[in-house]
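These notes concern the structure reproduced below.
Protein chains get the first letters and strands the later ones, always in sequence-line order, with residue 1 at the start of each. Keep in mind the model is a prediction, meaning the values are calculated, not measured.
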Amino acid sequence: MRRVTIYDSMSRSARVFAPLEPPRVGLFVCGLTPYDEAHIGHARTFVFFDVVARAMTRWGYRVFSVQNVTNLDDKIIDRAAETGEDPLALAEGYFLSWRAASERLGIHSVNYFPHATDYIGEILRQTELLIERGHAYASAGSVYYNLSKFPAYGALSGQRTEALRPGARVEVDPAKRAPEDFVIWKAATPGEPSWDSPWGPGRPGWHIEDTAITLRLFGPRYDLHGGGLDLIFPHHESEIALAEATTGESPLVNYWMHGGLLNMGGEKMSKSLGNVYSLTTALDEFGPMVLRFFYLNAYYRSPLEFVRDKSLEEAREAYDRLALPANRIAEIVERDGPDRAGTELPEALAADADALVERLDATLAEDFNTRESIALLFGWTRRLAELLGELASFSGDALATLRAPYDWGTETLGLFVREPTGRAGAWEKVVPIALAARARARARGDFAEADRIRDELAAAGIRLEDHASGTRWEFREPS
RNA sequence: GCCGAGGUGGCAGAAUGGUUAAUGCGACGGACUGCAGAUCCGUUUCCUGGGGGUUCGAUUCCCUCCCUCGGCUCCA
């Protein structure tokens with residue numbers, strides 16, 4: 001297992017990672033509240049934790065990755081009331097939509113997506129235990145966490161409860177003993193989904209959903225907890241209070257990892273601000289590779305600025321150039337197979353490829369520095385630039401060596417995955433017909449006709465490039 | 001107000017107690033091309049929020065101030 005350092009939000013420092021039970025690693029990431037379509041801000045966080053899981057797996061850890069689904073909360077209920085749908089059905093619809101988008105994005109590392117409502121039994125058990133131990137109290141059909149009994153509250157966020165501004169954004173619930181107490185079990189209002197409990201019909205509060213899930217799946221302590229920076233307070237802080245009061249064990253989480261937010265117009269991208277860009281739209285327009293590249297081209301903890309009509313266009317230019325040698329090699333190998341004959345690599349070049357892969361691992365192992373890894377990969381693309389014309393002369397083995405750094409990028413960053421053919425299959429046959437007609441026109445010097453064909457193809461989303469070896473084409477929406 | 005995260009070239013963004021502060025985008029020049037695009041080569045040596053301090057040396061460590069963003073009880 002490779003030595004990995006992780007910036008831990010709790011200690012506010014980079015620490016060498018040591019799993020509780022090597023090589024096993026428990027990773028819990030706070031997932032979505034599916035009350036609407038996901039936007040590209042959400043996906044930043046999940047792509048990053050996908051890289052964490054991919055990289056750790058490569059380095060010999062056995063990662064069990066869990067992403068919860070808050071499939072019932074106020075926003076979902078409100079939304080369902082608007083549309084007349086059943087709240088749980090509405091949530092499941094948006095969850096499945098998110099699953100589809102995240103699959104397209106290449107997020108395949110999540111082992112399990114537990115839904116909060118599948119853990120009601122665990123939640124009730126934990127709530128009762130907390131009341132028994134004096135850490136929670138029932139009031140008006142709800143159950144609240146008694147913060148005065150948990151002095152360690154605030155360690156993660158640095159917040160002191162006496163300095164908070166109760167009601168700054170959310171109204172204070174009069175049933176609470178103290179305004180900083182948070183709800184564990186919420187009394188049902190008529191018409192919303194509810195479960196029977198010793199305190200009457202109700203539904204779980206947000207924070208306990210996660211601790212119920214992790215206590216059951218990971219036990220009282222586990223390795224990694226991730227999520228967006230905006231969840232530190234109160235959500236993660238409250239998870240600690242709930243779990244540690246329930247189990248008596250500490251710390252709940254060994255390493256807290258928080259991803260920076262995606263900003264648009266200098267502000268957090270969020271539904272309530274209205275500055276959202278849908279994930280599905282982004283995937284349709286730019287494809288998964290460009291999006292992943294855009295996210296991973298920055299350190300995960302820093303805020304990242306998304307500029308409409310600029311950021312992803314820029315990322316596409318950069319990614320296309322970065323991936324060019326990888327794609328050319330893939331084309332040759334797809335055509336001739338991995339055992340194709342050809343010249344071998346100069347020894348120095350082969351050694352450099354090996355050394356680069358080691359450097360890439362070492363770089364990424366320092367708190368998942370994806371940006372620096374990409375910079376190194378650009379170095380390799382520059383190195384291969386002069387070989388682009390003669391790639392076809394190399395043997396299959398030689399090409400595999402040249403491709404190794406890109407394969408590393410596929411394994412860890414999820415980049416350099418070529419678009420699946422699918423519908424593109426038909427185009428593969430049709431476009432060459434038009435290209436042949438254009439080639440004949442060019443051969444007889446009828447450039448007006450040649451340009452007409454090129455323009456019409458461009459308007460249809462097929463872009464051409466003429467090369468000495470022939471005409472290359474690709475899908476590219478006209479700009 | 002309190003807590004937290006950030007302030008680096010035209011833009012996006014790394015890194016480091018020490019030669020010209022990475023990488024990319026963009027821009028400019030050249031090669032290639034019927035043209036265009038793509039690609040390749042070269043240039044973009046005047047960029048580390050302000051002020052103090054520690055040090056032979058600070059963008060990096062410490063203090064302070066300013067600015068931006070996030071959170072302050074169900075937001076990735």
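- Comparing B:C35, B:G71, B:C74 against the side chain of A:D451 picks out B:C35 as the nearest.
- Counting any heavy atom pair closer than 4.0 Å across all strands shown, A:R454 reaches a base atom.
- A:R383 is linked by a salt bridge (charged side-chain N to carboxylate O under 4.0 Å, His left out) to A:D352, counting only residues two or more places apart in sequence or in another chain.
- Within 4.0 Å of A:G227, counting heavy atoms only, lie sugar-phosphate atoms of the nucleic acid but no base atom.
- The same atom, P, is picked in B:G51 and in B:C66; the two are 15 Å apart, to the nearest Å.
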With salt bridge (charged side-chain N to carboxylate O under 4.0 Å, His left out) as the criterion, how do A:D451 and A:R454 come out once you've worked through the C-alpha distance, each side chain's angles and the decisive distance to 0.1 Å?
CA-CA 5 Å; A:D451 290 351; A:R454 181 171 60 191; 3.3 Å; yes
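- Between A:R463 and A:R12, the residue anchored closer to the 5' end of RNA chain B is A:R12, taking for each the nucleotide with the nearest heavy atom.
- Protein atom CD of A:E390 is 14 Å distant from nucleotide atom P of B:C40, rounded to whole Å.
- If you take atom C1' in B:U68 and the same atom in B:U43, they sit 34 Å apart, rounded to whole Å.
- The side chain of A:Y153 has B:U73 as its nearest neighbour among B:C35, B:U73, B:A5.
- For A:F447, the side-chain contact (heavy atoms from CB on, under 4.5 Å) partners at least two apart in sequence or on another chain are A:R442.
- Positionally, the nearest nucleotide of RNA chain B for A:L464 lies more toward the 5' end than for the other of A:L464 and A:T45.
- With B:C75, B:A76, B:C35 as the candidates, the nucleotide lying closest to the side chain of A:D73 is B:C75.
- Within the 3.5 Å criterion, the main-chain N or O of A:I240 finds no donor-acceptor partner in the side chain of A:Y153.
- Between A:L296 atom CG and B:A12 atom P there is a gap of 19 Å when expressed in whole angstrom units.
- For A:S238, no side-chain nitrogen or oxygen approaches OP1 or OP2 of B:C74 to under 4.0 Å.
- Relative to the side chain of A:L304, the nucleotides B:C2, B:G4, B:A12 differ in distance, and B:A12 lies closest.
- For B:U60 and B:G9, the P atoms lie 15 Å apart once the distance is rounded to whole Å.
- Rounded to an integer number of Å, the gap from A:F233 CZ to B:C69 C1' is 18 Å.
- By the 6.0 Å contact criterion, CZ on A:R359 is open, its count of non-hydrogen atoms from other residues, nucleotides or ligands being 12 or less.
- In this entry the distance linking CG of A:L261 with P of B:U68 reads 18 Å, nearest Å.
- For A:D86, the side-chain contact (heavy atoms from CB on, under 4.5 Å) partners two or more places apart in sequence, or in a different chain, are A:L88, A:A89.
- Going from the C1' atom of B:U45 to that of B:U64 covers 34 Å, rounded to whole Å.
- Rounded to the nearest Å, the gap between the C1' atom of B:A12 and that of B:C65 is 28 Å.
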Output one letter per nucleotide in nucleotides 58-64 of chain B: B when a protein non-hydrogen atom lies under 4.0 Å from the base, S when only the sugar-phosphate is that close, - when neither is.
-------
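- Base contact: A:K186 has a heavy atom under 4.0 Å from a base atom.
- Both geometric conditions, a ring-centre gap below 5.5 Å and a plane tilt below 30°, are fulfilled for A:F447 over the base of B:G34.
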Throw together a table of side-chain donor-acceptor distances under 3.5 angstrom for residues 26-37 of chain A, partners on residues two or more places apart or in other chains.
unit_1 : atom_1 : unit_2 : atom_2 : d
A:D36  : OD2    : A:R79  : NH1    : 3.1
A:D36  : OD2    : A:K271 : NZ     : 2.9
A:E37  : OE1    : A:S97  : OG     : 2.7

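- The interatomic distance linking A:D78 (CG) with B:C74 (C1') rounds to 11 Å, in whole Å.
- Contacts of A:V307 with the nucleic acid, taken as non-hydrogen atoms under 4.0 Å apart, are absent.
- Checked against side-chain contact (heavy atoms from CB on, under 4.5 Å), A:S9 has the following partners two or more places apart in sequence or in another chain: A:L156, A:W256, A:H258.
- In terms of heavy-atom proximity, A:F293 sits nearest to A:L415 at N-CD2, 3.8 Å.
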Decide side-chain hydrogen bond (donor to acceptor under 3.5 Å, both in side chains) for A:W185 and A:S197; before the verdict, give the C-alpha distance in whole Å, the side-chain angles of both, and the deciding distance to 0.1 Å.
CA-CA 9 Å; A:W185 183 260; A:S197 82; 3.2 Å; yes
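- Nucleic acid contact for A:L384: none, since no nucleic acid atom lies under 4.0 Å from a heavy atom of the residue.
- We find that OH of A:Y145 is positioned 17 Å from P of B:C74, with the value rounded to whole Å.
- Distance A:H39 NE2 to B:A76 C1': 7 Å, rounded to the nearest Å.
- Residues satisfying the salt bridge (charged side-chain N to carboxylate O under 4.0 Å, His left out) criterion with A:D74, sequence neighbours excluded, are A:K186, A:R203.
- Across B:G18 and B:C61, the matching P atoms stand 12 Å from one another, rounded to whole Å.
- Checking B:G6, B:U73, B:U39 against the side-chain heavy atoms of A:L324 singles out B:U39 as nearest.
- Within 4.0 Å (heavy atoms only), A:S157 reaches sugar-phosphate atoms of the nucleic acid but no base atom.
- Residues A:W98 and A:F46 place their aromatic rings such that the two centres sit under 6.0 Å apart.
- Judged by distance alone with a 3.5 Å cut-off, no donor-acceptor contact links the side chain of A:D230 to the base of B:G4.
- Legend: residues meeting side-chain contact (heavy atoms from CB on, under 4.5 Å) with A:A14, ordered by chain and number and at least two apart, are absent.
- Every residue meeting the salt bridge (charged side-chain N to carboxylate O under 4.0 Å, His left out) condition with A:E456, not counting sequence neighbours, appears here in chain and number order: A:R452.
- Where RNA chain B pairs in unbroken runs of 3 or more (Watson-Crick or G-U, both distances under 3.5 Å), the stems are B:1-7 with B:66-72, B:10-12 with B:23-25, B:26-31 with B:39-44, B:49-53 with B:61-65.
- For A:T33, a side-chain nitrogen or oxygen approaches OP1 or OP2 of B:A76 to under 4.0 Å.
- Comparing the P positions of B:U20 and B:G13 gives a spacing of 27 Å, expressed to the nearest Å.
- Residue A:G389 is out of contact with every strand shown, counting any heavy-atom pair closer than 4.0 Å.
- Judged as a side-chain hydrogen bond (donor to acceptor under 3.5 Å, both in side chains), and not counting sequence neighbours, A:S393 has no contacts.
- Side-chain proximity of A:R301 to the nucleotides B:A5, B:C75, B:U73 is greatest for B:A5.
- One can place CG of A:L231 at 9 Å from P of B:C75, the figure rounded to the nearest angstrom.
- Listed candidates were B:A5, B:G71, B:C75. Nearest to the side chain of A:K75 is B:C75.
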Treat primed atoms plus P, OP1 and OP2 as sugar-phosphate and everything else as base, then score nucleotides 21-32 of chain B 5' to 3': B for base contact with protein heavy atoms under 4.0 Å, S for sugar-phosphate contact only, - for none.
-BBBSS------
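- Annotation: B:A21 and B:A36 have their P atoms spaced 37 Å apart (nearest Å).
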